[in-house]
Amino acid sequence: MIEIQDLSNIILWCIVIVVSISVFAILREAIKVKSNLYEQHEGLPKGSDFPLENNIPINGNPMNIRTNEKIGTLVFLTSTSCSTCSKVYPIINDFQKKKPLYQYLIFMMGTEESVNNAIKQYNIKSPVVRMDNLKDLQAPFVPFGYFVSQDGVIQAKGVVNNEGHIQSLILYGEEKVSA
């Protein structure tokens, strides 16, 4: 027969396990919420062809969004006058090293001089297309990102202020591509 102390130990361990599972579930939801893509309703429509694919980057060779051997293209819309954008460039550089299965492209709004200065200052490795404005890309604010599939179709989009947002952009984009 089970003694009272053994029974209390069993009950105590059950409580510890239930509390632990609850804490992990709450933390997982908090992480998921933090990594969501925001403002997905903004920008060019999902499912539409990405425009401006034939622009020549200021710091590299022409690239093609449609015919390449990558899983997809991560397109970032930034500005030289955006302080948040300056924090995103190092993250993009890291992603380019860690995730070479994707093609990376930055559309940067600014003067030719300010764009060249940003490329040097942040050691940007991605091809950068200088733009006078981003209205053709319907960017209401920057930094904004698009995941474009191999066939040039927008699969995911949203604000990309941090690493979690870029990871979410990739997850949402890959989800649509594999569907």
Side-chain angles (χ1 to χ4, degrees), residues 31-32 35-80 82 84-110 112 115-139 142-179:
I31 290 169
K32 190 187 299 182
S35 322
N36 272 341
L37 274 176
Y38 297 102
E39 304 298 338
Q40 292 184 48
H41 61 282
E42 298 288 352
L44 298 166
K46 288 181 194 172
S48 65
D49 287 345
F50 189 81
L52 308 175
E53 65 176 287
N54 294 322
N55 286 337
I56 299 173
I58 198 168
N59 63 337
N61 297 324
M63 60 185 293
N64 196 328
I65 290 177
R66 291 184 198 282
T67 53
N68 63 71
E69 298 172 6
K70 304 292 184 172
I71 293 173
T73 303
L74 297 172
V75 179
F76 299 97
L77 312 180
T78 66
S79 172
T80 56
C82 165
T84 305
C85 296
S86 63
K87 295 173 186 165
V88 172
Y89 300 132
I91 297 169
I92 295 170
N93 285 341
D94 287 344
F95 266 86
Q96 203 166 3
K97 290 176 195 165
K98 290 186 225 171
K99 297 188 179 274
L101 295 174
Y102 302 97
Q103 184 169 248
Y104 297 81
L105 177 61
I106 298 173
F107 285 89
M108 189 181 298
M109 189 170 61
E112 191 167 337
V115 169
N116 281 322
N117 288 339
I119 291 169
K120 288 177 189 152
Q121 181 179 356
Y122 300 106
N123 196 24
I124 298 173
K125 302 296 183 197
S126 304
V128 176
V129 175
R130 189 195 74 75
M131 304 287 286
D132 289 322
N133 62 62
L134 298 171
K135 65 182 172 185
D136 288 341
L137 297 171
Q138 297 179 16
V142 290
F144 197 81
Y146 290 102
F147 182 101
V148 181
S149 65
Q150 285 178 318
D151 56 354
V153 176
I154 297 168
Q155 300 297 330
K157 60 185 179 168
V159 174
V160 287
N161 290 335
N162 58 46
E163 184 176 350
H165 292 155
I166 296 173
Q167 287 174 338
S168 292
L169 183 67
I170 292 170
L171 286 172
Y172 284 108
E174 284 182 344
E175 194 175 273
K176 296 284 184 185
V177 168
S178 64

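Each residue takes its place number in the sequence, starting with 1. Keep in mind that the numbers below use all heavy atoms, side chains included, and drop hydrogens, waters and symmetry copies.
Between Leu74 atom CG and Phe95 atom CZ the span is 8.5 Å, to the nearest 0.5 Å. Between the CD1 atom of Ile154 and the CZ atom of Phe147 there is a distance of 12.0 Å, given to the nearest 0.5 Å. The distance from atom CD of Gln150 to atom OG1 of Thr73, rounded to the nearest 0.5 Å, is 8.5 Å. Between the OH atom of Tyr104 and the CD1 atom of Ile124 there is a distance of 14.5 Å, given to the nearest 0.5 Å.
His165 and Asn161 get closest at one heavy-atom pair: ND1-N, 3.0 Å. Across every non-hydrogen atom of Ile166 and Ile92, the tightest pair is CD1-CG1, 4.3 Å. Closest non-hydrogen pair, Met108 versus Thr80, comes out as SD-CG2, 3.6 Å. Closest approach of Pro143 and Val88 over heavy atoms only: CG-CG2, 3.9 Å. Shortest non-hydrogen contact noted between Gly145 and Leu169 is O-CD1, 3.9 Å. Of all heavy-atom pairs between Gln138 and Pro45, the closest is OE1-CD, 4.5 Å.
In this structure, the salt bridge (charged side-chain N to carboxylate O under 4.0 Å, His left out) partners of Glu163, at least two apart in sequence or on a different chain, are Lys98. By the side-chain hydrogen bond (donor to acceptor under 3.5 Å, both in side chains) test, Asp151 is found to be paired with Ser149, residues two or more places apart in sequence or in another chain being considered. Applying the side-chain hydrogen bond (donor to acceptor under 3.5 Å, both in side chains) rule to Gln96 yields the partners Ser126; only residues at least two apart in sequence or on another chain are considered. In terms of the salt bridge (charged side-chain N to carboxylate O under 4.0 Å, His left out) criterion, residue partners of Asp49 (sequence neighbours excluded) are, by chain and number, Arg66. A search for side chain to side chain contact (heavy atoms under 4.5 Å, CB included) contacts involving Asn116 returns Ile58, Glu112, Ile119, not counting sequence neighbours. Qualifying side-chain hydrogen bond (donor to acceptor under 3.5 Å, both in side chains) partners for Tyr89, counting only residues two or more places apart in sequence or in other chains: Thr78. In this view, Ser86 and Tyr122 satisfy the side chain to side chain contact (heavy atoms under 4.5 Å, CB included) rule, not counting sequence neighbours. Lys125 meets the side-chain hydrogen bond (donor to acceptor under 3.5 Å, both in side chains) test with Asn123; sequence neighbours excluded.
Lys157 places none of its side-chain heavy atoms less than 4.5 Å from the side chain of Glu42. Counting heavy atoms from C-beta outward, Val75 and Phe144 have side chains that stay 4.5 Å or more apart.
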### Message
Using the rule given for side-chain contact (heavy atoms from CB on, under 4.5 Å), can you reason through Lys99 versus Ile170, listing the C-alpha separation, both sets of side-chain angles and the distance that settles it, and then say yes or no?
### Response
CA-CA 10 Å; Lys99 297 188 179 274; Ile170 292 170; 3.9 Å; yes

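Side-chain atoms of Tyr146 never come within 3.5 Å of backbone atoms of Gly43 as a donor-acceptor pair (strictly under, hydrogens ignored). Distance alone, capped at 3.5 Å, places no donor-acceptor pair between the Tyr172 side chain and the Gly158 backbone.
Within the structure, salt bridge (Lys or Arg N to Asp or Glu O under 4.0 Å) contacts touching residues 127-136 (residues at least two apart or in different chains) are Arg130-Asp132.
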